[in-house]
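See structure below.
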Amino acid sequence: MKTVKQTMLVVLGLLFFALIGCTHEDYIPVPGADGADGAAGVSGTASCESCHSVEHQKPIIDAYNLSAHGKGIQNADGSFTKHIYGTNTVLPDGSLNSDRAFCAECHSQEGYIDVKKYGRPNPTGYANFGSISCEGCHGVTHRSFNFTKDGNDYGLRNIAAVPQKINPAFTLNASPTGGVSSSNTCIGCHQTRPDSNGYYKRPVIESGEKDASGAVVITNDPVKGPLYRFWSQRKLADAVKGYPAGTTFYKNYSNSLDRAVHVSEQGDLWMGITGIDIEGTATRLPAAKTAKHYTSASCVQCHMDKPKAGTVNTGSHTMKLSFQSCVSCHPAPETLLTSFHAKFDTEVAKLVAAFKAQPTYFNVSSSGSVTLKTFDSVTGLPFPTTPASGTNTPTTWYQSRTDFPLKYVQAYWNYKLITGDEGKGVHNPPYTMALIQNSIEALK
């Protein structure tokens, strides 16, 4: 027995020393600069540590926690709310009630990462999801470690052109030269998006928009010209994205543009796209991708610049302007921005007045908010809202307003596009001002 134990100890000892000398053929050490004879060379990971260290990362994380991405959107009472979505809700008959997977593409870390990895979110949504953090935007191995020659991609998941959400056959690219850009990380989400049900679209003939029964919504009247049809329909829930059609539960569908365009579509305005150059107007829109802010600046350059001296709540990952890069073109950028925002407010007020002058088609609140007047052309009654969508009350309807001039709808689309950008037109001033004037002319 003693001999067996001694033998085992010898074997274990030999194995221990063998493992110490073990090497991995697939591991190639990062070479550092040679030192002088007798002196140690430079660590091969020194350049990595300049970014991958607690000292470097902490102020970045602190800055991100001050951003709207990190804190959420501030409410009237001063609190903050993060708009995070991810869990689909399913009706008792198995049909889809709310498609939160659609929202999760940009409103959850899990959905965003899946889109970058697989081209789409999990169609059934996410049981567990959170807001986008460092790992959302970053999280891949550097595509190249030769930063001098190839540039630093910062481990971003997306630097190539991104699909255009309202027309996935096309891509959007933040690079004016057609290459890669860190700002493609931003415009992957900061762009107009379609209806989660697939109904309303950009109101132009080439969109081929149809209602829930498959009838086109843009028609041409020989006297009135092009018309757009708003509609509302209650029916058994659609069969979509792997979910079966409803058998006992009903949903309310509509193409009301009051929820169109969404918000935070800065990428579209910055690139000078998606707005509608309305037929019959005198003011033309500038050509796409010609604005100086697009050809000579970027999302990252303006929103992630060095912090303004003495501040911790500007630049870097706060995404808030520090104006450091602006001075190369604008001697007094903060004053200029204030004056431009005042001009923007004045011009938007003129556009709102133009909507107010068409009371047959638009409502304008005391606060200046514009909404559509949607009602059934036959009965004259507003589109119904009850029974609620996602219930099993067997009430159905189809109602539509058929007399809405297409050019008025297009002016409303432009209005939603420019007012949905919190930058108040600064991402592309010439394009924004042309959109406003073009829309005012269309409403006359």
Side-chain angles (χ1 to χ4, degrees), residues 67-69 83 85-86 99 101-123 126 129 131-144 150-196 198 201-202 207 241 260-275 288-291 293-304 317 319 417 420-423 427-428 431:
S67 71
H69 290 82
H83 293 260
Y85 307 109
D99 184 5
F102 173 82
C103 307
E105 293 185 24
C106 293
H107 285 277
S108 80
Q109 176 147 298
E110 291 70 19
Y112 182 84
I113 291 175
D114 277 355
V115 169
K116 301 311 170 189
K117 281 185 174 181
Y118 311 116
R120 65 170 188 166
N122 184 339
Y126 302 89
F129 56 92
S131 60
I132 293 179
S133 66
C134 308
E135 281 293 311
C137 296
H138 306 269
V140 299
T141 303
H142 288 292
R143 295 163 180 82
S144 169
D150 302 319
N152 188 348
D153 65 5
Y154 301 100
L156 289 168
R157 294 183 184 276
N158 191 99
I159 58 175
V162 297
Q164 185 178 26
K165 292 184 181 296
I166 62 171
N167 195 346
F170 293 88
T171 58
L172 304 180
N173 197 340
S175 169
T177 61
V180 297
S181 171
S182 297
S183 295
N184 280 323
T185 296
C186 311
I187 67 170
C189 284
H190 288 278
Q191 56 169 289
T192 56
R193 60 103 172 102
D195 170 19
S196 62
K201 301 181 185 296
R202 183 170 175 259
S207 290
K241 300 181 179 178
V261 184
H262 202 37
V263 293
S264 294
E265 63 291 332
Q266 292 89 344
D268 296 79
L269 290 172
W270 176 57
M271 300 175 76
I273 60 173
T274 310
K289 302 181 181 180
T290 58
H293 283 169
Y294 175 74
T295 60
S296 303
S298 70
C299 310
V300 172
Q301 183 179 343
C302 294
H303 288 277
M304 303 182 72
H317 281 65
M319 321 294 180
L417 182 67
D421 174 16
E422 294 87 343
H427 291 102
N428 191 337
Y431 185 73

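The figures here come from the full heavy-atom set of this structure, side chains too, leaving out hydrogens, waters and symmetry mates.
Between the side chain of Gln191 and the main chain of Gly267, no donor-acceptor pair closer than 3.5 Å is present. Under a 3.5 Å cut-off, the side chain of Asp268 and the backbone N or O of Thr192 do form a donor-acceptor pair. At least one donor-acceptor pair under 3.5 Å links the side chain of Arg202 to the backbone N or O of Thr274. Looking only at distances, no side-chain donor or acceptor of His427 sits under 3.5 Å from a matching main-chain atom of Trp270. With His190 contributing its side chain and Ser264 its backbone, the two residues share a donor-acceptor pair below 3.5 Å. For the pair Tyr431 (side chain) and Ile273 (backbone), a donor-acceptor distance under 3.5 Å is present.
For the atom pair Leu156 CG and Lys116 NZ, the distance stands at 10.5 Å (nearest 0.5 Å). Residue Ile187 holds its CD1 atom at 9.5 Å from CD of Gln164, rounded to the nearest 0.5 Å. Here the CE atom belonging to Met271 is positioned 11.5 Å from the OG1 atom belonging to Thr290, to the nearest 0.5 angstrom.
Using a 4.5 Å heavy-atom threshold, the side chains of Ile159 and Arg143 count as touching. Within the 4.5 Å cutoff, the side chain of Pro194 has heavy atoms near those of the Lys165 side chain.
Considering every non-hydrogen atom in both His317 and Ser67, the closest pair reads O-CB, 3.5 Å. Nearest heavy-atom pair across Asn122 and Ala101 is O-CB, 3.2 Å. Considering every non-hydrogen atom in both Asp421 and Glu265, the closest pair reads N-OE2, 3.3 Å.
The salt bridge (charged side-chain N to carboxylate O under 4.0 Å, His left out) contacts involving residues 168-190 comprise nothing, where partners must be two or more places apart or lie in separate chains. Sorted pairs that involve residues 169-190 and meet salt bridge (charged side-chain N to carboxylate O under 4.0 Å, His left out), not counting sequence neighbours, are lacking altogether. Sequence neighbours left out, not one pair with a member in residues 176-190 passes salt bridge (charged side-chain N to carboxylate O under 4.0 Å, His left out). Among residues at least two apart or in separate chains, side chain to side chain donor-acceptor pair (under 3.5 Å) pairs with a member in residues 178-187 are Asn173-Asn184.
In this structure, Glu110 has no salt bridge (charged side-chain N to carboxylate O under 4.0 Å, His left out) partners at least two apart in sequence or on a different chain. In this structure, His83 has no ring pair (Phe, Tyr, Trp, His ring centres under 6.0 Å) partners at least two apart in sequence or on a different chain. Listed by chain and residue number, nothing satisfies the side chain to side chain donor-acceptor pair (under 3.5 Å) test with Tyr294 (two or more places apart in sequence, or in another chain). Remark: Arg120 pairs with no residue by the salt bridge (charged side-chain N to carboxylate O under 4.0 Å, His left out) rule, at least two apart or across chains. Every residue meeting the side-chain contact (heavy atoms from CB on, under 4.5 Å) condition with Ser196, not counting sequence neighbours, appears here in chain and number order: Phe102. Every residue two or more places apart in sequence or in another chain was checked for a ring pair (Phe, Tyr, Trp, His ring centres under 6.0 Å) with His293, and none qualifies. For Cys106, the disulfide (SG to SG under 2.5 Å) partners two or more places apart in sequence, or in a different chain, are Cys189.
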Indicate every side-chain donor-acceptor pair of residues 134-142 with a distance under 3.5 Å to a residue at least two apart or in another chain.
from   : atom 1 : to     : atom 2 : distance (Å)
His138 : ND1    : Tyr154 : O      : 2.7
His142 : ND1    : Asp153 : OD1    : 2.8

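Salt bridge annotation for Glu105-Arg193: absent, with no cationic side-chain nitrogen under 4.0 angstrom from a carboxylate oxygen.
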